[in-house]
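Reviewing the structure listed below.
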Number of protein chains: 2
Amino acid sequence: MAKGNLPKLHSDFSVDCVIFGFDDEELKVLLVERNEPPFKAWKAIPGNLVYDQEDIDAAAERVLYELTGLHNIFLEQFYSFGSIDRHPQGRVITVAYYSIIKRNDNGLHPVSGYAKKAYWWPADNIPKLAFDHNEIVDKALQTLRHKISYEPIGFELLPEKFTLTQLQHIYEAILQKRIDKRNFRRKMLSYGLLTELNQKQKGVSHRAASFFKFNKSRYRSLKKKGFIFGLR
Amino acid sequence: MAKGNLPKLHSDFSVDCVIFGFDDEELKVLLVERNEPPFKAWKAIPGNLVYDQEDIDAAAERVLYELTGLHNIFLEQFYSFGSIDRHPQGRVITVAYYSIIKRNDNGLHPVSGYAKKAYWWPADNIPKLAFDHNEIVDKALQTLRHKISYEPIGFELLPEKFTLTQLQHIYEAILQKRIDKRNFRRKMLSYGLLTELNQKQKGVSHRAASFFKFNKSRYRSLKKKGFIFGLR
DNA sequence: CTACTTAGTGTATATTTTACACTTTAATTT
DNA sequence: AAATTAAAGTGTAAAATATACACTAAGTAG
């Protein structure tokens with residue numbers, strides 16, 4: 001695996017997965033503690049080498065599952081990183097994915113051992129990471145921030161039923177700006193894709209908010225006709 | 001290189017490059033004729049295996065140079081394709097780039113032999129291509145169509161000096177819709193990024209159009225402040 | 001029953017987008 | 001040299017969208 005003096009016609013490669021979550025306050029990124037020599041550091045979500053029998057999308061799903069115990073999660077490839085010297089152990093090209101998950105209070109259920117030491121970090125305050133992982137997380141963040149302006153990915157961070165205030169907080173956290181409550185609600189409701197449920201919050205010490213759900217299948221059919229769901 | 005029965009920890013990989021051009025009428029894609037057995041077909045721009053000593057971006061630039069004789073061209077990675085069976089000769093993951101070039105009447109000056117048989121095809125009428133190259137070209141087109149809505153990539157298809165009508169034709173070709181001339185001009189000029197030159201077309205049998213140039217450095221500084229140049 | 005906290009709502013103004021048709025200029029034709 | 005042809009270049013009104021802004025409603029806690 002060490003770099004040879006003659007060109008080799010193959011390289012190792014891996015998938016990396018940047019995982020975003022939201023805790024009702026701010027956007028978070030899941031980072032794992034790297035304990036292997038030669039140094040100890042945080043790193044972005046583990047890459048995994050990909051095997052010959054596995055599509056890269058499937059490899060990314062596997063990595064995500066091993067870390068979180070979750071299946072059927074929003075997961076999208078966003079860039080591949082291939083500088084010669086990006087990895088100290090030799091040439092490793094990585095195909096990077098980002099994932100957006102709903103954080104529930106049960107926490108994560110990692111399947112494999114290496115994923116045990118994973119913690120959420122504020123997206124706007126990422127520590128120094130191993131290798132080129134800061135670059136990867138940055139690009140994932142850029143992608144997420146851009147994407148929310150033309151696709152309804154905010155809902156991926158929320159449970160099935162959510163309040164408009166929760167949704168607004170997500171847009172504010174991702175777009176990094178304050179949004180007017182009335183204008184936000186008007187805009188979101190104008191698309192006709194949110195259904196108000198006959199349910200309200202319980203146990204809150206103030207007026208209870210209505211729950212809504214997002215009509216995903218209706219969105220998909222509108223999207224085919226050129227409709228854009230987004231907010232700048 | 002054939003698929004083994006046991007997992008291998010590496011795979012071959014390549015870069016592919018989808019090249020767009022514009023001939024004052026429509027958007028074109030450069031395709032090369034594939035003559036190697038076992039079959040003959042058009043394919044998207046040649047992938048090339050990447051060597052251990054080469055960054056993937058550099059490899060893409062090299063491929064582009066070999067095909068066109070051009071350097072310093074718009075070139076951007078957009079997706080990686082890694083299905084197990086995408087290539088008949090075994091597992092090859094490819095990092096795909098798209099490029100936008102100015103077509104001048106000199107034509108192309110391919111450097112390497114394999115690129116001699118390259119022809120421009122209308123982007124909306126691509127023939128059946130080898131491997132998964134139709135998928136790759138489709139995704140490149142989607143990327144281009146999306147990108148033009150928030151970045152001034154149209155200028156990459158034009159010479160230094162261009163008329164507003166040329167520019168409009170590019171937007172129409174890429175966005176696949178008619179645009180009102182007055183509204184288009186007003187919008188484009190409103191950004192303050194086009195400088196009208198003291199030069200006009202010559203030898204045209206109608207009123208001669210003014211030439212303009214695009215102020216790229218000014219655009220870059222505006223972009224840093226959050227400015228978006230685009231058209232939907 | 002009072003205080004506290006967040007949910008929920010309307011309107012006026014500014015900005016942006018859209019739709020639309022004629023005059024100007026240069027070369028070519030007669 | 002006058003008429004024809006072809007694309008360049010230009011303004012305005014209406015519609016749609018985005019923005020700015022402040023109070024009332026409802027539920028809980030004390």
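Per chain, numbering begins at 1; letters A, B, ... match sequence-line order.
Between the CZ atom of A:Phe184 and the C1' atom of C:dT9 there is a distance of 16 Å, rounded to whole Å. If you take CD of A:Gln166 and P of C:dT6, they are 14 Å apart, rounded to a whole angstrom. Rounded to whole angstrom, the span from the CG atom of B:Asp24 across to the C1' atom of D:dA7 amounts to 14 Å. Going from atom CZ of A:Phe211 over to atom C1' of C:dA7 covers 13 Å, rounded to whole Å. Distance, B:Leu164 CG to D:dA8 P: 9 Å, rounded to whole Å. In this structure, B:Lys200 places its NZ atom 11 Å from P of C:dA27, rounding to the nearest Å. As rounded to whole Å, 19 Å separates atom P of D:dA26 from atom CD of A:Gln199. A:Leu167 has its CG atom 13 Å from the P atom of C:dG8, to the nearest Å.
Geometrically, B:Lys161 does not engage B:Phe211 in a cation-pi contact, judged by NZ or CZ lying under 6.0 Å from the ring centre and within 45° of the ring axis.
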Using a cut-off of 4.0 Å between protein heavy atoms and nucleotide atoms, how would you tag nucleotides 12-22 of chain C 5' to 3' with B, S and -? -----SBBBB-
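With A:Tyr191 as the fixed residue, the ring-ring contact (aromatic ring centres under 6.0 Å, His included) test singles out one of A:Phe212, A:Tyr219, A:Phe227: A:Phe227.
Side chain B:Arg207 to base D:dA7: no donor-acceptor pair is found below 3.5 Å.
Remark: B:Gln199 CD is packed, more than 12 non-hydrogen atoms of other residues, nucleotides or ligands lying under 6.0 Å away.
Of the possible donor and acceptor atoms, none in the side chain of A:Ser210 sits under 3.5 Å from a partner among the backbone N and O of A:Lys200. Side chain of A:Thr163 to main chain of A:Gln166: a donor-acceptor pair is present (N/O by atom type, distance under 3.5 Å, no hydrogens or angles). Although no hydrogens or angles enter the test, the distance criterion places a donor-acceptor pair under 3.5 Å between the side chain of A:Gln201 and the main chain of A:Ala209.
Between A:Phe155 and A:Phe229, the distance separating the two ring centers is shorter than 6.0 angstrom.
Within 4.0 Å (heavy atoms only), A:Thr165 reaches sugar-phosphate atoms of the nucleic acid but no base atom. When heavy atoms are screened at a 4.0 angstrom cut-off, B:Thr163 is found touching no nucleic acid atom at all.
Side-chain N/O atoms of A:Glu76 and A:Tyr97 include no donor and acceptor closer than 3.5 Å.
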Nucleotide N/O of nucleotides 28-30 of chain D paired with protein N/O under 3.5 Å:
none

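For the pair B:Leu194/B:Leu164, a side-chain contact is recorded, criterion being any heavy-atom separation below 4.5 Å from C-beta on.
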